[in-house]
Amino acid sequence: RAVSGAENARTTNASLELRNGVAGQTPEATTYTFETQGFRYVLSLNRDGTGLLDVTRDGAPLTSEPLIGYQQGAAPAAATP
């Protein structure tokens with residue numbers, strides 16, 4: 001979906017890649033949770049088109065950042081040997 005507020009858009013490459021997350025559903029959002037090395041990342045993609053990233057370390061909150069845009073898709077199918 002298009003990103004509004006282009007003056008706030010970033011053009012740098014992603015600096016973090018997370019794998020092996022767990023998807024969840026609430027009435028308000030689809031959530032994806034990733035845990036690694038004491039960090040927990042919870043990405044909430046809300047039904048109203050907004051999004052939020054919450055980060056904690058060892059259970060202590062570090063940051064909560066709204067997403068200005070996101071694109072959601074399906075993972076590619078695994079290759080069969």
Side-chain angles (χ1 to χ4, degrees):
R1 83 187 206 124
V3 175
S4 62
E7 69 279 358
N8 295 321
R10 293 186 181 184
T11 58
T12 57
N13 292 332
S15 61
L16 178 66
E17 182 176 323
L18 300 168
R19 295 179 179 260
N20 302 318
V22 176
Q25 296 283 329
T26 70
E28 297 81 25
T30 299
T31 60
Y32 299 95
T33 302
F34 305 87
E35 296 191 47
T36 183
Q37 300 176 352
F39 289 92
R40 180 181 178 121
Y41 303 85
V42 179
L43 182 64
S44 299
L45 305 180
N46 301 317
R47 308 247 183 269
D48 66 2
T50 62
L52 184 69
L53 174 66
D54 289 307
V55 182
T56 60
R57 183 170 189 185
D58 299 323
L62 292 179
T63 189
S64 182
E65 299 288 334
L67 302 177
I68 60 170
Y70 64 84
Q71 182 176 10
Q72 185 177 10
T80 53

With sequence neighbours excluded, residues passing salt bridge (charged side-chain N to carboxylate O under 4.0 Å, His left out) with Arg57: none
Pairs flagged by side chain to side chain donor-acceptor pair (under 3.5 Å) wherever residues 59-69 is involved - sequence neighbours left out: Asp54-Ser64, Thr63-Glu65
Atom pairs and distances, side-chain donor-acceptor, residues 22-30, under 3.5 Å, sequence neighbours left out:
unit_1 : atom_1 : unit_2 : atom_2 : d
Gln25  : OE1    : Arg47  : NH2    : 2.7
Gln25  : NE2    : Thr30  : OG1    : 3.3
Thr26  : OG1    : Glu28  : N      : 3.2
Thr26  : OG1    : Ala29  : N      : 2.9
Thr26  : OG1    : Ala29  : O      : 3.3
Thr30  : OG1    : Arg47  : NH1    : 3.3

Side-chain donor/acceptor pairs under 3.5 Å, residues 31-40, sequence neighbours excluded:
unit_1 : atom_1 : unit_2 : atom_2 : d
Tyr32  : OH     : Gln72  : NE2    : 2.7
Glu35  : OE2    : Arg40  : NH1    : 3.1

N/O donor-acceptor pair under 3.5 Å between Asn46 side chain and Asp48 backbone: no
Where Leu67 and Leu43 come nearest, the two heavy atoms and their spacing: CD1-CD1, 3.6 Å
